[in-house]
Visitor: 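Okay, here's the structure, questions in a sec.
All figures in this text were calculated on a predicted structure; none of them were measured in a lab.
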Amino acid sequence: MRKRRMVAAMAIDPCLNLEICRDPNQHGAVVEDIQGLIRVYKDGHVDRPQIVPCVSAALAPELGVTSQDIVIEKFTNIWARFYVPINFHNTKLPLLVYFHGGGFCVGSAAWSCYHMFLARLANRAGCIIMSINYRLAPENPLPAAYEDGFKALIWLKHQAQSGAMDWWSRQCNFSNIFIAGDSAGANIAHNVTTRIGSLSERELAALKPLNLKGTILIQPFFGGEARTCSEKYMLQPAKSSALTLAASDTYWRLALPCGTNRDHQWCNPVAKGSINLAELRLFPTMVCISEMDILKDRNLEFCGALDWAGKKVEHVVYKGVGHAFQVLSKSQLAQTRAHEMMSHIKAFICRCA
């Protein structure tokens, strides 16, 4: 059984998820490795080289967005980076609660790629964005990230109830909330949504004045023991895709509880024994799928399961691009598709608001 070491952080630091191993020999053999992103050692030590830079909340004025980091819970060091577009004076804006990707094991709300993508999305879609920095596996295996997501919503409820007129809340329409994320963040968004959807009427009323209107899942990170066609035949994705099958399997080994496999309901929401989607109170869902992503078939299967369960679901397939193209690829095609995605998200928010 793998040993897990708990890491405590005392204050916001954009790089608090980064832990550099100065002397790799002192921690024994490497037992899990995703080259360049994360190494897990025999004694439980975790090394996360800083491949993607962490940045402060500062933004260039021409982006038309202000940003700031706010502590959600000091004990577990959950925090959020808020993005507020400045060109919507005296207008109440929808709030998008966003979870970053990274296989549950890497990533940060302070990663430069997310910082720029979400700033542009806030301005383009005309919404406030609350980007959650949650605990990472393997130090904090699932359901830690799901719990952090739900805690963030409870914190949001308290902010709404307090009537505080902070720089972000004064423009926030708390009755117009969307939950979103990409990759593992989309998995978190889905599992937070299903938790809310399983609440009783009385429990749901306790979330007021929050009113959830929809879920936006970008390349949701799902898996399963049986391989799909896209997993089998896109084993070596194009340069435009950030996820390989080997990396996917490693992330799941690190994130899932010990003794489980990829047919656990947190990984495979359509597996036998998973939550019955038809019995849940789910919100309209938009799923963004990449044509060159190994997850394409799982994402399409998930959309089909939602539709079969009688839920409102729509999906868009982005041609010629791979996993996480909107944050990691700088190609002209990826930039074009990212603009399309932002337009689709804006339209979905407008339809569901």
Visitor: Below 30° counts as parallel, above 60° as perpendicular, anything between as tilted: where do the rings of Y98 and Y114 land?
Guide: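 Rings of Y98 and Y114: tilted, as their planes differ by 30° to 60°.
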Visitor: State, with a plain yes or no, whether a side-chain heavy atom of P220 is found less than 4.5 Å away from one of N187.
Guide: no
Visitor: Are any non-hydrogen side-chain atoms of P85 and L93 less than 4.5 angstrom apart?
Guide: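 A side-chain contact exists here, since the closest heavy-atom pair is under 4.5 Å.
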Visitor: Using the six-membered ring of F150, assess whether NZ or CZ of R195 lies under 6.0 Å from its centre and within 45 degrees of the ring axis.
Guide: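 Verdict for F150: a cation-pi partner in R195.
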Visitor: Compare all side-chain heavy atoms of M130 with those of I72 and state whether any distance is below 4.5 angstrom.
Guide: yes
Visitor: Using a strict 4.0 Å threshold on nitrogen-to-oxygen distance, state whether E73 and R135 make a salt bridge.
Guide: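 No, this pair does not count.
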Visitor: Which hydrophobic side chains are connected to W308, either touching it within the sub-4.5 Å cutoff or through other members that do?
Guide: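 Via sub-4.5 Å side-chain contacts, W308 links to none.
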Visitor: For the residue pair W168 and F174, categorise the inter-ring angle as parallel (less than 30°), tilted (30 to 60°) or perpendicular (more than 60°).
Guide: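 Because their plane-to-plane angle is over 60°, the rings of W168 and F174 count as perpendicular.
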Visitor: Is there a donor-acceptor contact under 3.5 Å from the side chain of S230 to the main chain of D297?
Guide: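 Judged by distance alone, yes, a pair lies under 3.5 Å.
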Visitor: Is I196 close to L204 at the side-chain level, that is, under 4.5 Å between some pair of heavy atoms?
Guide: yes
Visitor: Below 30° counts as parallel, above 60° as perpendicular, anything between as tilted: where do the rings of F104 and W252 land?
Guide: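 Answer is tilted, since the angle falls between 30° and 60°.
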Visitor: Are side-chain heavy atoms of D43 and H45 found at a separation under 4.5 Å?
Guide: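 When only atoms from C-beta onward are counted, H45 and D43 do touch, with a gap below 4.5 Å.
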Visitor: Do I294 and T244 have side chains that approach each other closer than 4.5 Å (heavy atoms only, starting at C-beta)?
Guide: no
Visitor: Should the ring pair W155 and F82 be called parallel, tilted or perpendicular, given that the plane angle runs from 0 to 90° and is split at 30 and 60?
Guide: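 Rings of W155 and F82: tilted, as their planes differ by 30° to 60°.
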Visitor: Would you say NZ of K346 has more than 12 non-hydrogen atoms from neighbouring residues, nucleotides or ligands within 6.0 angstrom?
Guide: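 12 or below, so no.
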Visitor: Please name the pair of heavy atoms, one in P269 and one in F302, separated by the smallest distance, quoted to 0.1 Å.
Guide: CG-CD1, 3.9 Å
Visitor: Would you say the side chain of R337 lies within less than 4.5 Å of the side chain of E291, judging by non-hydrogen atoms?
Guide: no
Visitor: Under 4.5 Å between any side-chain heavy atoms of Q326 and F117, yes or no?
Guide: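 Yes; the side chains approach each other to less than 4.5 Å.
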